[in-house]
Structure formats: C-alpha cells, structure tokens
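What follows is a single structure, written as structure tokens, with notes after it.
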Number of protein chains: 2
Amino acid sequence: MDQVDRKIIAALRENGRATYADLGRSVGLSASSVHERVGKLEAAGVITGYHAMVDPNTVGLGVTALVGIHPTDTATEDDVAEALGALDEVESCYAVAGDEAFVVKVRVATVDDLEKTLGRLRRIPGVGRTNTTVVLSTRFEGRPNNAGLDEGRNGDA
Amino acid sequence: MDQVDRKIIAALRENGRATYADLGRSVGLSASSVHERVGKLEAAGVITGYHAMVDPNTVGLGVTALVGIHPTDTATEDDVAEALGALDEVESCYAVAGDEAFVVKVRVATVDDLEKTLGRLRRIPGVGRTNTTVVLSTRFEGRPNNAGLDEGRNGDA
DNA sequence: CCTGAAATGATCCACCC
DNA sequence: GGGTGGATCATTTCAGG
C-alpha cells in the first residue's frame with residue numbers, strides 16, 4: 001500500500017464508477033497497472049465493494065432513527081446481532097461500549113413503520129429496553145474519511 | 001419509477017460497478033435502455049453517487065465512535081453542522097430530536113486521536129457537552145435497505 | 001424502447017525495467 | 001516485483017427508427 005494505492009482508493013471512494021483509464025490518468029499510470037492494483041486491493045479486503053448511494057427520501061424511506069438496544073442476558077450478542085440483521089429496515093448495526101449493547105440505524109417510510117420496527121426489535125430474544133433517537137435531518141453521511149489515506153500512516157493490509 | 005427502475009437501483013446498490021449490459025440482462029432490457037434509465041435516476045437525484053467501500057481497519061482507521069452533541073445557544077444548528085463537516089474524521093452527521101442536537105459518527109486511528117477529535121468537537125462554537133459511545137465492532141453497515149423498493153410503495157421522485 | 005455502429009474502455013499477455 | 005503497450009473483446013454511447 002503506497003501513495004498511489006491511496007490515491008486510487010480516494011478516487012474510487014469519490015466515484016466508484018471511475019474507469020481504469022481515468023484512474024490511470026489521475027495517478028499517472030497505465031490502465032493496466034491500475035487494474036492490477038485495484039484487483040489486489042479488492043483481494044486484500046481493502047476495497048470491500050462498490051455501491052450506488054440512493055437518496056432515501058426518493059424511495060419512500062423518509063424516517064431515520066438511531067436505536068440504542070439494552071441487552072438482557074437471555075441471548076448472546078452474536079445471536080442478537082444476527083436477529084437484527086434479519087430485519088430489512090435495520091441498515092447498520094454497531095456493538096458498543098456502555099450500558100447499551102448495540103446501536104442500530106433504522107430506516108423506514110413512516111413513524112407508524114418506526115413503531116412497528118421498534119416492536120420487532122423488542123421482540124428479539126436478548127433485547128431489553130430500547131432508546132430511540134429520531135433523525136430530523138441527515139447533514140451528511142458516509143463521507144469519505146481520508147485521514148488514513150493522506151498521511152504517512154500505513155494500514156496493516 | 002416503475003418496477004424495473006427499482007430492480008436497477010437494487011442491483012446498483014449491490015454492485016455499483018455493474019455494467020449496463022449486465023443490468024440489462026438482469027432486468028430484461030437492452031443496455032441502452034438501462035443506460036437511459038440510470039441517467040434519469042441520477043438526474044432526478046434518486047441515485048446520488050457511486051462509492052467504493054473500504055474496510056476502515058485496513059487503512060488505519062480502527063476506532064469508531066458515535067458522539068452525541070449537546071447544543072449551547074451560541075450558534076445556529078447550520079453553523080455547527082458546517083463546522084462538524086470541516087472535520088475530516090466526522091464521517092456522518094445527523095440532526096436529531098431529543099436533548100442532543102446532533103449525533104455524529106467519528107472514525108479515527110487510535111483512542112488518542114479520538115480524544116483529540118473530541119477536543120476539536122467541543123471547541124466548536126455552539127457545542128456543549130458531548131456524549132461518546134465507542135463502537136466495539138461493526139456488525140454491518142450501510143446495508144441496502146430495499147423496503148421502499150420491493151413493495152408497491154412509491155417514492156416522490 | 002430497440003437496433004446498429006463507432007468510440008471507448010476492459011482485460012489479458014508478452015515483454016521490459 | 002511492478003510497469004508498459006498492444007491485441008482482442010466487451011461495453012458505452014450515440015444516432016435513428
């Protein structure tokens with residue numbers, strides 16, 4: 001992982017559909033070389049995938065909430081996480097330090113759906129109290145964080 | 001936005017580098033038609049971009065935290081949000097209901113860096129107390145939520 | 001929405017540094 | 001070990017219908 005890889009990664013975070021030719025131009029390498037480098041980055045698990053971002057509002061998902069999940073001791077964390085993953089409306093799931101076991105991000109169409117989802121969450125074995133924070137507006141999200149890319153910091157891949 | 005568009009969107013969420021030819025095959029249309037549809041979806045703001053996902057651990061960003069930000073009345077929400085956006089390590093920023101004004105997701109290399117970042121956050125005018133939740137593990141994140149795509153629900157684009 | 005064709009890019013390989 | 005350049009094949013991106 002050298003500076004060129006970092007540039008390629010940054011570029012692909014910006015535009016995941018950039019062509020190898022384009023990438024080559026912006027880092028001063030041939031398309032073949034970039035192609036090979038990207039392949040290696042993918043194989044090494046540095047680049048885990050490419051995804052289109054969709055404005056949730058335009059697809060009828062206008063309600064976002066962050067839900068803290070307090071555990072009971074009736075199920076393992078892994079089992080709870082798996083059950084959370086089975087719910088389509090749970091977009092992200094973090095195991096956290098503190099008195100909550102997980103924080104999940106939930107995306108639904110209406111507050112009615114949010115209520116239903118919270119019901120489903122609480123019905124999961126191992127889930128106790130939930131603490132819901134409704135998102136009023138998403139100022140920005142999933143922004144490329146190049147802190148680890150710009151600097152002389154080196155990852156362990 | 002018909003069923004075909006929804007399928008295309010779902011496919012591009014899965015694989016943002018899918019070729020129009022591939023997409024065409026999977027929805028039963030020609031590549032040209034898919035190309036035109038995708039162009040319209042982009043123009044309509046439904047698809048907001050394509051981004052490579054990077055495993056944070058492999059690029060030296062091993063520490064994630066969710067930080068709740070309590071407001072003071074010395075700055076507007078917009079100004080605070082802008083200041084938060086100026087920090088590279090703040091990956092996402094949500095304005096929320098409740099006694100916190102914002103919840104942000106922060107990604108840094110070490111707990112030392114986390115401490116520095118929290119210092120920076122608290123130095124922002126309009127930011128009062130912060131409440132930090134350290135992420136122990138990310139079970140899943142930014143998962144395609146097709147709740148609004150599978151069903152007969154219609155978005156407003 | 002399709003076909004068809006020209007331009008561009010992807011992909012592979014022999015070769016070079 | 002990378003990197004290059006060219007050949008070949010696929011895809012993009014227009015026209016036009």
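Reminder, nothing fancy here: chain letters follow the sequence lines and each chain counts from 1.
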Using heavy-atom distances to pick each residue's nearest nucleotide on DNA chain D, tell me which of A:Asp2 and B:Ala31 is more 5'. A:Asp2
From the options D:dG3, C:dT11, D:dG2, select the nucleotide whose nearest atom is closest to the side chain of A:Lys40. D:dG2
Expressed as a whole number of angstroms, how long is the span from A:Asp5:CG to D:dG3:C1'? 14 Å
Has the side chain of A:Ser92 got a donor or acceptor atom that lies under 3.5 Å from a matching backbone atom of A:Val104? no
Have A:Tyr50 and A:Glu42 got a donor and an acceptor in their side chains that come within less than 3.5 Å? yes
Once rounded to the nearest 0.5 Å, what's the spacing between atom OG1 of B:Thr117 and atom CZ of B:Arg107? 13.0 Å
Are A:Leu87 and A:Val80 connected in the hydrophobic side-chain network, where two residues link if heavy atoms are under 4.5 Å apart? yes
Other residues, nucleotides, ligands: >12 heavy atoms within 6.0 Å of B:Glu115 CD: no
So which residues get pulled into A:Leu66's cluster when ILVMFWY side chains under 4.5 Å apart are joined, directly or through others? A:Val135, B:Tyr94, B:Val96, B:Val103
Polar side-chain contact A:Ser32-D:dG5 base: donor and acceptor under 3.5 Å: yes
Does a nitrogen or oxygen in the side chain of A:His35 sit under 4.0 Å from OP1 or OP2 of C:dT11? yes
Inter-residue atom distance A:Thr64.OG1 - A:Asn57.CG, 0.5 Å rounding: 7.5 Å
Rounded to whole Å, how long is the line connecting atom CD of B:Glu36 with atom C1' of C:dC2? 11 Å
Which of these nucleotides, D:dG2, D:dT4, C:dC2, is closest to any side-chain atom of A:Ser33? D:dT4
Rounded to the nearest 0.5 Å, the CD atom of B:Glu89 sits from the CG atom of B:Leu121 at a distance of 7.5 Å
Looking at residues 15-25 of chain B, who's got a heavy atom less than 4.0 Å off DNA chain C? none
Could you work out how much the helix from C:dC1-D:dG17 to C:dC17-D:dG1 bends, comparing the axis of its first five pairs with that of its last five, to 10°? 40°
